[in-house]
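Counting from 1, the numbers follow the sequence of the chain as shown.
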Amino acid sequence: MRVLVTGGAGFIGSHVVEALAARGHEPVVFDLREGHEVRDPQAVASALPGVDAVCHQAAMVGLGTRFGDAPDYVSHNDLGTAVLLAAMADAGVRRLVLAGSMVVYGEGAYTCGRHGPVRPGPRAAGDLDAGCFEPRCPRCGAELRPGLVGEDAPADPRNVYATTKLAQEHLASAWARSTGGTAVSLRYHNVYGPRMPRDTPYAGVASFFRSALARGEAPRVYEDGGQRRDFVHVRDVAAANVAALESGPAAGALTAYNTGSGDPRTVGEMARALAAAYGGPEPVVTGEYRLGDVRHITADSSRLRAELGWRAEVRFPEGMREFAGAKLRGER
């Protein structure tokens with residue numbers, strides 16, 4: 001299969017390219033770093049002849065720094081996706097795998113002891129300033145028990161990036177219905193591993209911590225470090241992309257799959273494991289917060305395992321040890 005990989009020179013995309021080649025496919029890299037702009041209709045159209053499928057990894061990622069970033073996020077993620085899908089429709093390319101994100105859910109799944117499953121609202125700045133980080137039951141104010149969220153849970157994006165990732169899925173779904181194409185969205189959890197971008201305002205938390213350790217500084221952990229996440233290795237994510245490309249999902253619709261390790265950890269636990277593996281200073285818990293962050297988000301990835309036969313292979317301890325010694329993109 002000849003597969004166009006947008007963002008194919010980036011962190012996740014470069015691993016997808018390697019995984020495709022290892023399976024005997026022919027990956028074609030389409031990346032801004034190599035002068036290819038996904039928002040340019042002519043550039044995209046010229047890359048599609050002879051292509052059997054598209055693996056769309058190109059995106060502006062991370063929470064950003066302010067709402068003023070919104071036009072850039074919408075332009076890169078949503079306009080870029082619209083341009084790509086329009087070109088695919090014209091070229092007759094009918095298979096798409098999209099780099100989705102678990103951020104579309106907002107907060108994860110919660111259960112109240114009195115009221116059962118509930119969806120807490122956005123956390124208030126006043127509560128966060130007071131160090132009250134855990135969401136409360138919207139009906140009785142009691143503490144909630146976090147759990148795993150499934151693909152059928154309602155979307156509730158709580159920052160600009162999350163909103164653009166959900167819009168990408170809606171565009172892909174509309175494309176699939178219009179063309180009869182097959183579309184898969186892999187809703188990534190917190191991806192980490194070799195070639196992760198070094199410390200930038202748009203990097204992930206694992207990159208922030210690893211970059212701090214490289215500078216000889218202690219990782220700075222926001223809130224109290226108790227935020228639950230699913231840290232999934234980039235090679236496992238690349239393998240999920242290959243599995244999705246080789247599968248036969250229903251035509252004319254988008255199928256979403258949570259893509260996580262199935263081994264939830266707290267941010268504080270990850271920071272400590274990474275610092276220990278690197279041999280650097282212990283993390284510092286700051287109590288600071290970012291208003292657009294959610295407290296707990298861990299998803300059930302059993303659908304991906306059951307339907308596509310995929311399974312995360314890199315365990316958390318081994319992955320952290322490898323990441324501690326891996327070179328980050330942009331690191332000298």
**Study point:** Test item: P122 and V294 side chains (from C-beta on) under 4.5 Å apart, heavy atoms
**Key:** no
**Study point:** Within 6.0 Å of CZ in R33, more than 12 heavy atoms from elsewhere
**Key:** yes
Point to revise | Sequence neighbours excluded - side chain to side chain donor-acceptor pair (under 3.5 Å) pairs with any residue from residues 93-114 | key: Y105-R187, Y105-N258, E107-Y110
Practice item. Compare all side-chain heavy atoms of F209 with those of V221 and state whether any distance is below 4.5 angstrom. Key: yes
Review point. Tell me the ring pair (Phe, Tyr, Trp, His ring centres under 6.0 Å) pairs involving residues 288-318, sequence neighbours left out?
Key: none
Review point. Counting distance only, does the side-chain N/O of R123 pair as donor-acceptor with the main-chain N or O of F133 below 3.5 Å?
Key: yes
Point to revise | Worked check of side chain to side chain contact (heavy atoms under 4.5 Å, CB included) between V237 and L186 | key: CA-CA 9 Å; V237 167; L186 297 175; 5.9 Å; no
Check your understanding: Is the shortest heavy-atom distance from the side chain of N190 to the side chain of M270 under 4.5 Å?
Key -> no
Point to revise | Approximate separation, where rounding is to 0.5 Å, of R305 CZ and S302 OG | key: 5.5 Å
Point to revise | Test item: V118 and P138 side chains (from C-beta on) under 4.5 Å apart, heavy atoms | key: yes
Practice item. Taking the side chain as every heavy atom from C-beta outward, state whether P219 and L274 have any pair of such atoms under 4.5 Å apart. Key: no
Give the table of side-chain donor-acceptor pairs shorter than 3.5 Å for residues 16-28, with sequence neighbours excluded, one pair per line with atom names and distance.
unit_1: E18; atom_1: OE1; unit_2: R195; atom_2: NH2; d: 3.2
unit_1: E18; atom_1: OE2; unit_2: R195; atom_2: NH1; d: 3.4
unit_1: E18; atom_1: OE2; unit_2: R195; atom_2: NH2; d: 2.7
unit_1: R23; atom_1: NE; unit_2: E246; atom_2: OE2; d: 3.1
unit_1: R23; atom_1: NH2; unit_2: E246; atom_2: OE1; d: 2.8
unit_1: R23; atom_1: NH2; unit_2: E246; atom_2: OE2; d: 3.3
unit_1: H25; atom_1: ND1; unit_2: M1; atom_2: N; d: 3.3
unit_1: H25; atom_1: NE2; unit_2: E246; atom_2: OE2; d: 2.7
unit_1: E26; atom_1: OE2; unit_2: R2; atom_2: NH1; d: 2.4

Exercise for review: Any chance you could measure I12, atom CD1, to C55, atom SG, to the nearest 0.5 Å?
Suggested key: 10.0 Å
Practice item. Verify, without hydrogens or angle tests, whether S46 (side chain) and A43 (backbone) share a donor-acceptor contact under 3.5 angstrom. Key: yes
Point to revise | Pairwise salt bridge (Lys or Arg N to Asp or Glu O under 4.0 Å) hits with a residue in residues 148-160, at least two apart | key: R119-D156, E151-R303, D152-R303, D156-R158
Check your understanding: If only atom types and distance count, is the side chain of Y73 paired as donor or acceptor with the main-chain N or O of A162 below 3.5 Å?
Key -> no
Check your understanding: More than 12 non-hydrogen atoms from neighbouring residues, nucleotides or ligands closer than 6.0 Å to CD on Q42, yes or no?
Key -> no
Practice item. Mind checking the NE2-CE spacing from H15 to M196? Nearest 0.5 Å is all I need. Key: 10.5 Å
Review point. Is D300 reaching over with its side chain to a backbone N or O of G150, donor-acceptor style, under 3.5 angstrom?
Key: no
Exercise for review: Measure from the side-chain N and O atoms of S301 to the backbone N and O of G260, and report whether any donor-acceptor pair falls under 3.5 Å.
Suggested key: yes
Study note, to complete from the structure: Across all chains, not counting sequence neighbours, the side-chain contact (heavy atoms from CB on, under 4.5 Å) partners of T81 are H56, L85, Q168, L171
Review point. Could you give all pairs that pass the salt bridge (Lys or Arg N to Asp or Glu O under 4.0 Å) test and reach residues 248-265, with sequence neighbours left out?
Key: D263-R265, R265-E269
Check your understanding: Among all residues two or more places apart in sequence or in another chain, which pass the ring-ring contact (aromatic ring centres under 6.0 Å, His included) test with Y192?
Key -> H233, F323
Practice item. Check salt bridge (Lys or Arg N to Asp or Glu O under 4.0 Å) between D224 and all other residues, then give those that pass, not counting sequence neighbours. Key: R295
Review point. Heavy atoms, side chains only, cut-off 4.5 Å: are D293 and Q227 in contact?
Key: no
Practice item. Going by the salt bridge (Lys or Arg N to Asp or Glu O under 4.0 Å) test, name the single residue among R210, K327, R235 that passes it with E322. Key: R235
Exercise for review: Check for a donor-acceptor pair, side chain of N77 on one end and backbone N or O of A59 on the other, with a separation under 3.5 Å.
Suggested key: no
Check your understanding: Got a donor-acceptor contact below 3.5 angstrom from the S211 side chain to the S207 backbone?
Key -> yes
Review point. S173 side chain to H170 main-chain N or O, any donor-acceptor pair under 3.5 Å?
Key: no
Exercise for review: Just jot down the ring-ring contact (aromatic ring centres under 6.0 Å, His included) partners of F30, sequence neighbours excluded, or say none.
Suggested key: H36
Review point. Is any side-chain heavy atom of I297 less than 4.5 Å from a side-chain heavy atom of R228?
Key: no
Study note, to complete from the structure: Apart from V284 itself, its cluster of hydrophobic side chains linked below 4.5 Å comprises none
Review point. In Å and rounded to the nearest 0.5 Å, what is the CE to CZ distance from M320 to R315?
Key: 12.5 Å
Point to revise | Partner residues of S75 under the side-chain contact (heavy atoms from CB on, under 4.5 Å) criterion, sequence neighbours left out | key: R39, L79
Check your understanding: Do E143 and R136 touch side chain to side chain, with heavy atoms closer than 4.5 Å?
Key -> yes
Point to revise | Which residues share a salt bridge (Lys or Arg N to Asp or Glu O under 4.0 Å) with R139, sequence neighbours left out | key: none
**Study point:** Pair D78, T164: side-chain N/O donor-acceptor within cut-off below 3.5 Å
**Key:** no
Review point. Hey, is the main chain of L308 close enough, under 3.5 Å, to the side chain of S247 for a donor-acceptor pair?
Key: no
